Amino acid sequence: MRFGPLTRYLSSAWDMLFPRRCLVCGQTLSGGEEHVCGACLTTLPLTHLDSRSENAVVRLFYDIEGTQRGVAMLVYRHQNATFRLIHAMKYGDRPAVGVFLGEMMAHQFEPEGFFESVDALVPVPLSARKLRDRGFNQSEAIAQGIATVTGLPIRTDLVARTVDNPTQTNLSTQQRRENVAGIFSAADADTLRNVGNGSPLKEKGNRYPHFLLIDDVITTGATLHALAETLRAAAPCRLSYLSAALAGQHLNVFERGAE
Ligand SMILES: [Zn+2]
């Protein structure tokens, strides 16, 4: 504790030399602010999706047996605030932004009961090569933020990515799904079935494990769809879907002034 004043002095001196800036508007952040200034934080473009009912996210996965819930927090459009946050995280080497987004989502959706009965958080894996290049998995960073608030375990051993995303430009939804089929491989059925063993909910008779798949941006949903199909083909399970952001075209029909 006796280093407190010195640490504070050094940190404010550091801030004067290298001011921390809001990732959305570029203004200098004040002491209590992290990543985003207060003004930008209150105007982030929320999807306003209700995680308890049918919505634009869960609808993408209705054809997958075992689908329970799905939601995304922010609207993603080219160059909007969400775009800048995600871009800074992925290409500016800022995994802490992912943790920040994960914590925000947990605080927003936990009161709606979104995490009830979930046995494990499963971030969308990167290929080994991509992970080496970027140094971290952005979906895993988001999952860490969710885990901090909810206490749920993160499982990165249940599914691996064997192929990088092939180019998806100019393909229809069906073509995109075919294009990404087989890019993931799941752990063996016993490993999957045993996830959540020992948790009171599972003992009460919800025999199938419930995986919450975590993504940073849902653009077409094809990647997350392929991941869900891979897990479902390996063992019976329940599946929910949570993404920090959702590409705006999914929301055009009923967007409520989100931007
Ligand atoms: Zn700002």
Side-chain angles (χ1 to χ4, degrees), residues 4-5 7-51 55-57 71-112 114-115 121 123-124 126 133-150 214-219 241-252 254-259:
T7 312
R8 271 199 299 281
Y9 168 76
L10 287 175
S11 118
S12 58
W14 182 267
D15 278 358
M16 280 194 324
L17 286 169
F18 307 101
R20 300 175 310 128
R21 298 197 177 278
C22 171
L23 296 174
V24 176
C25 73
Q27 294 272 1
T28 305
L29 293 176
S30 67
E33 294 170 339
E34 290 289 336
H35 313 299
V36 183
C37 74
C40 288
L41 198 58
T42 55
T43 53
L44 284 179
L46 298 171
T47 61
H48 296 289
L49 293 179
D50 185 346
S51 70
N55 64 50
V57 172
V71 79
M73 180 173 63
L74 298 172
V75 180
Y76 183 94
R77 291 190 200 283
H78 189 63
Q79 295 296 352
N80 78 348
T82 310
F83 174 97
R84 286 179 214 164
L85 281 175
I86 301 274
H87 202 268
M89 167 175 70
K90 283 162 83 165
Y91 307 109
D93 194 22
R94 305 277 294 259
V97 176
V99 178
F100 169 77
L101 289 171
E103 288 172 353
M104 267 181 78
M105 285 202 284
H107 288 303
Q108 180 169 344
F109 298 119
E110 196 170 36
E112 299 178 2
F114 186 76
F115 301 98
L121 307 174
V124 173
L126 294 180
D133 289 351
R134 186 166 298 155
F136 70 99
N137 176 349
Q138 69 277 6
S139 298
E140 200 176 325
I142 293 167
Q144 275 165 14
I146 298 166
T148 305
V149 176
T150 62
I214 310 289
D215 205 353
D216 58 340
V217 183
I218 292 178
T219 310
Y241 313 86
L242 180 58
S243 178
L246 176 67
Q249 70 262 23
H250 295 289
L251 294 155
N252 286 343
F254 52 89
E255 200 173 342
R256 290 177 297 192
E259 281 182 285

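Position 1 is the first residue of the sequence, and the numbers go up from there. In listed order, ligands and their atoms are each counted from 1. Remember, predicted model here, so these are calculated numbers, not experimental data.
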Classify the angle between the aromatic ring planes of Phe83 and Tyr76 as parallel (below 30°), tilted (30 to 60°) or perpendicular (above 60°). tilted
Heavy-atom closest pair (Gly248 atom, Val75 atom, distance to 0.1 Å) is CA-CG1, 4.0 Å
Does Asp215 use its side chain to pair, donor to acceptor, with the backbone of Ser243 at less than 3.5 Å? no
Report for the Zn ion (ligand 1), protein N, O or S closer than 2.8 Å, by chain and number, lists Cys22 SG, Cys25 SG, Cys37 SG, Cys40 SG
Check: Thr28/Arg21 side-chain N/O donor and acceptor closer than 3.5 Å: yes
Min side-chain heavy-atom separation Tyr241-Ile218 under 4.5 Å: no
Any donor-acceptor pair under 3.5 Å from Glu33 side chain to Gly38 backbone: yes
